[in-house]
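Labels below follow one simple rule: chain letters A, B, ... track the order of the sequence lines, proteins then strands, and each chain is numbered from 1. Basis for what follows: all heavy atoms, side chains included, without hydrogens, waters or symmetry-related copies. Nothing here was measured: the structure is a model prediction, and the numbers come from that model.
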2 protein chains.
Amino acid sequence: MSQETMLRSIRKQLHDGGYKLTPQREATVLVLLENEKDHLSAEEIYMLVKQKSSEIGLATVYRTLEMLTELKIVDKISFNDGVARYDLRKEGAKHFHHHLLCLECGSIEEIEEDLLVEVEKVVEKNFNFEVTDHRLTFHGVCGACRENKSK
Amino acid sequence: MSQETMLRSIRKQLHDGGYKLTPQREATVLVLLENEKDHLSAEEIYMLVKQKSSEIGLATVYRTLEMLTELKIVDKISFNDGVARYDLRKEGAKHFHHHLLCLECGSIEEIEEDLLVEVEKVVEKNFNFEVTDHRLTFHGVCGACRENKSK
DNA sequence: AAGACAGATTATAATGATTATAAATAAAGG
DNA sequence: CCTTTATTTATAATCATTATAATCTGTCTT
């Protein structure tokens, strides 16, 4: 889906939620669209928006991200490094994607495929818990780092 | 395993790692042992240690927890609420246990059973990623809350 | 167009969690 | 004992995030 289409869809979602797409909010969403692969922190998003010549305050970025999280347009994740990171939820994705965190180089890869369908069935049945979402991160060593080490 | 035994084992692990079990460190570990079911934050641990009449500084709690994390005696988790929480790693447990976070009441349940054995095999094979550990939290509604709501 | 209102934004201050620093204390080794 | 080193403490500093109050924007009303 093109960024144009995404943006239109997001504008609609904001409206339905009773918010409007102000220039600052639009700039924030655009930065998220342009950096889909990264896992940006609020501070990083703030910097990137300012670089695009759009004026914005840090507090606005936080408020916008909170709103987008509430609308389930973005997902908020914390790894164990003390900053929250934000990620566009893929259109139509019913589940939160998984992450592969390399302990050597710190890179974060994504897994789109939902690996937890069966596991969630087990949880619902055995633990009497209604699952609505999940956070799954694997810690380990990525292919590139293993290759470097073996040399 | 009894707390005595646990404590002895932990003392040994500290020694092997080149640290000693000072009174403050012992008090911290004891609080963790006595509250295995909870997911305590540094601040909470600090309070609990002081209640046991043991004098300690907050910074020492942080340093001790960092050390215990490094030695893999405790695990550090962040949910999305801005505080880090610490959990004793069960003796012999090779994997990090899973969590069930209830979005209604905020309660955190634990799952000891490793539900990811198969999933990790898939990850190693399909994504060329060597998995050493994982973090898995399910978000949803616990049995108690569902019961309350249906009334 | 002027006034009034709600919603947004901004700069700034405040808070909360965590980490760094420097001085004091305790422990270990000779 | 004396010296050296590790540890703790109190405090200050830092970093991420949230609250506040003033200002601004746009829209509606007349």
If the condition is side-chain hydrogen bond (donor to acceptor under 3.5 Å, both in side chains), which residues does [X] pass it with, not counting sequence neighbours?
| X | result |
| --- | --- |
| A/His139 | none |
| B/Thr5 | B/Ser2 |
| B/Tyr46 | B/Lys50 |

N/O donor-acceptor pair under 3.5 Å between B/His134 side chain and B/Phe96 backbone: yes

Side-chain donor or acceptor of B/Glu124 paired with backbone N/O of B/Val131 under 3.5 Å: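 Flag set: sc B/Glu124 to bb B/Val131 pair under 3.5 Å.
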
Range on DNA chain D touched by chain A, heavy atoms, distance below 4.0 Å: D/dA16 to D/dA19

DNA chain C contacts among [range], heavy-atom distance under 4.0 Å:
| range | answer |
| --- | --- |
| residues 57-76 of chain B | B/Leu58, B/Ala59, B/Tyr62 |
| residues 40-52 of chain B | none |
| residues 21-32 of chain A | A/Thr22, A/Gln24, A/Arg25 |

Cluster check B/Ile111, B/Ile108: I/L/V/M/F/W/Y, side chain < 4.5 angstrom: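 Shared cluster, no.
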
Distance in angstrom units between B/Glu55 CD and C/dA24 P, rounded: 19 Å

side-chain contact (heavy atoms from CB on, under 4.5 Å) with [X]: which residues, sequence neighbours excluded?
| X | value |
| --- | --- |
| A/Glu36 | A/Leu88, A/Lys90 |
| B/Asp81 | B/Phe79, B/Val83, B/Arg85 |
| B/Asn128 | A/Arg146 |
| A/Lys20 | none |

B/Lys52 NZ: over 12 foreign heavy atoms closer than 6.0 Å: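 Above 12, so yes.
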
Which residues share a salt bridge (Lys or Arg N to Asp or Glu O under 4.0 Å) with B/Asp75, sequence neighbours left out: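 Scan of B/Asp75 (salt bridge (Lys or Arg N to Asp or Glu O under 4.0 Å), adjacent residues dropped) gives B/Arg89, B/Arg135.
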
